[in-house]
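In each ligand, atom 1 is the first atom listed, and ligand 1 is the first ligand listed. Remember, predicted model here, so these are calculated numbers, not experimental data. Counting begins at 1 with the first residue of the sequence.
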Amino acid sequence: METDRADLERRILILAPTGKDAELCASILAEAGIACVTCNDALDLAFEIDRGVGAVILAEEAIGDGREETLLDAVERQPPWSDPPFMLLTLAGSESPVGELALATLGNVTLMERPLRIASLVSTVRSALRARDRQYQIREHLVERDRVAETLREADRRKDEFLALLAHELRNPLAPIRNSLHVLRISPPSEGLFERVSEMMERQVNHMVRLVDDLLEVSRITRGKIELRRESIDLATLMRYSIETSRPLIEAAGHELILDLPPEPILLEGDPTRLSQILANLLNNAAKYMDRGGRIWVGASVKGGQVVISVRDAGIGIPAEALPRIFEMFMQGESHPGRTRGGLGIGLTLVKRLVEMHDGSVEARSEGAGKGSEFLVRLPLAANQQPRTGSGDPAGAASHLPSTRVLIVDDNRDSADSLGLLLKLRGVDVRVVHGGAEALESIEAYQPAIVLLDIGMPGMDGYEVARKIRQHPAGRSMKLIALTGWGQEQDRRRTREAGFDHHLVKPADAAVLEALFNSFEVPARARRLEP
Ligand code: ADP
């Protein structure tokens, strides 16, 4: 098809109805390897021009007396980029009124005096074809420009939709939070009410945190601002960490989660935070896009140097026509009555980009609407499959906070005290201080195993406190976790350089902290003595 068009568009059309000019031109051009077509009259030529033309050789006696009108129509029908070259054969020495007419009406005309010389005919035709090729190149650029403009228009439209959705999604949780605060203020204290209201507020706040996290994350990835901190990580640990993150959503929807991992440890090479984000996103979606009381199956197998992780649900499924576009930014399926919590259509984009950054791939499968969905994530196995010694059996590790001393350092009293309270309620031995100097005193006096350290504090900031802790003999083996509002790569690098082990963005999720604490091998001397 394409070659046909290219052939048609490089033809020389000849109209020289009297004498032997047409025959002569055709044979000279054929000899030079240039394709040409001889036309019978102006109508025939106009028809051929419509089909495709490289250039036209026209004898002056074929036009004039109004016969050029049909030709003119054909030239006018040409698209804006097209200006077919005409070579008008005139008689030597004559002042041709027809030539003048042709120049004025057909536009792109070269006059060629007869008798023709072979060399000048061939070279004139060749340069006409060359000029025509330039026009075709302009056409390609215009097509490309239109395509890009269309893509931009589409992206712009989706962005507009997205902003409207974002405003809506962020506003939604605010109303119940405001109402709840009002209720708490005006109602007489009652434990049942307090519990109900605070649970609702927590759900809504968690939802907002998730939305904002996704937003920040996707913008960081699109700007190439994310660097992976690769390490060897056991799949079972990773799975537990991810499930902890998604547990509130799964439990709230009354779903059952069935985890089926191979008994032997499987080591992956990757950034644990990002890998867990991938799986938690898939688990959240499985929980969201399924009516209450459904089932989620999580499994893994090893095939050809890769681990294949499957997250399957018995939910609303994905229609075949939506499957190919499901990973695109801002893509969302139809809203569904069972869909209690909307998102922003970026979760799966995040998943795909993060998986690809890990040299893996992700695939969505569904037999159609109502038939459930399955997401398969393929990731390379770590080259060395020997688990780190002393890491124990991660799958069997208890999922509660270890008995560990934790020091919280934050000048924001509300932030520090509420986190302290939360950890205390979960059985952790906690001390809260509100400044760098106090923190350093506590290192000596309290000997924590883990320090949760705010960065922006007056006087001595978190970086300096961390450096000083590291210089202290008791501080070398402590786990230092930065707790900050800043999560860009340069912020993470700075905390790393100051000696932190981890960097968490506020507000830190209790489940994330729990999983992080569980992943530490806490030095024995820092463990609280059990009674
Ligand atoms: P969001 O959930 O915010 O809409 P995602 O990028 O996570 O955005 O998902 C995009 C779309 O893919 C969703 O709107 C939904 O239609 C569809 N989808 C994702 N996961 C599932 C699933 N497990 N079952 C059914 N549909 C899903």
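- Close approach to D313 involves these atoms of ligand 1, each under 4.0 Å from a residue heavy atom: 22 (C), 23 (N), 24 (N).
- Atoms of ligand 1 found under 4.0 Å from any heavy atom of I326, numbered from 1 in the order shown, are 12 (O), 17 (C).
- R494 forms a cation-pi arrangement with Y463, by the criterion of a distance under 6.0 Å to the ring centre and an angle within 45° of the ring axis.
- Below 3.5 Å of separation, one finds no N or O of I316 facing any N or O of ligand 1.
- Cation-pi geometry between R405 and Y446 is met: the NZ or CZ atom falls under 6.0 Å from the ring centre, inside 45° of the normal.
- Annotation: side-chain hydrogen bond (donor to acceptor under 3.5 Å, both in side chains) contacts of R378 (sequence neighbours excluded): E363.
- Near I346, meaning under 4.0 Å from one of its heavy atoms, ligand 1 places the atoms 6 (O), 8 (O).
- For ligand 1, the atoms sitting less than 4.0 Å from at least one non-hydrogen atom of G347 are 5 (P), 6 (O), 7 (O), numbered in the order shown with element in parentheses.
- Below 4.0 Å from some heavy atom of K288 lie the following atoms of ligand 1, by number and element: 1 (P), 2 (O), 3 (O).
- Every residue two or more places apart in sequence or in another chain was checked for a ring pair (Phe, Tyr, Trp, His ring centres under 6.0 Å) with H434, and none qualifies.
- Considering each of G372, S373, A287, G345, the one bringing a non-hydrogen atom nearest atom 8 (O) of ligand 1 is G345.
- Nearest residue to atom 9 (O) of ligand 1 from L211, L348, V311 is L348 (criterion: closest heavy atom).
- Between F375 and ligand 1, no N or O atom pair is found at a separation short of 3.5 Å.
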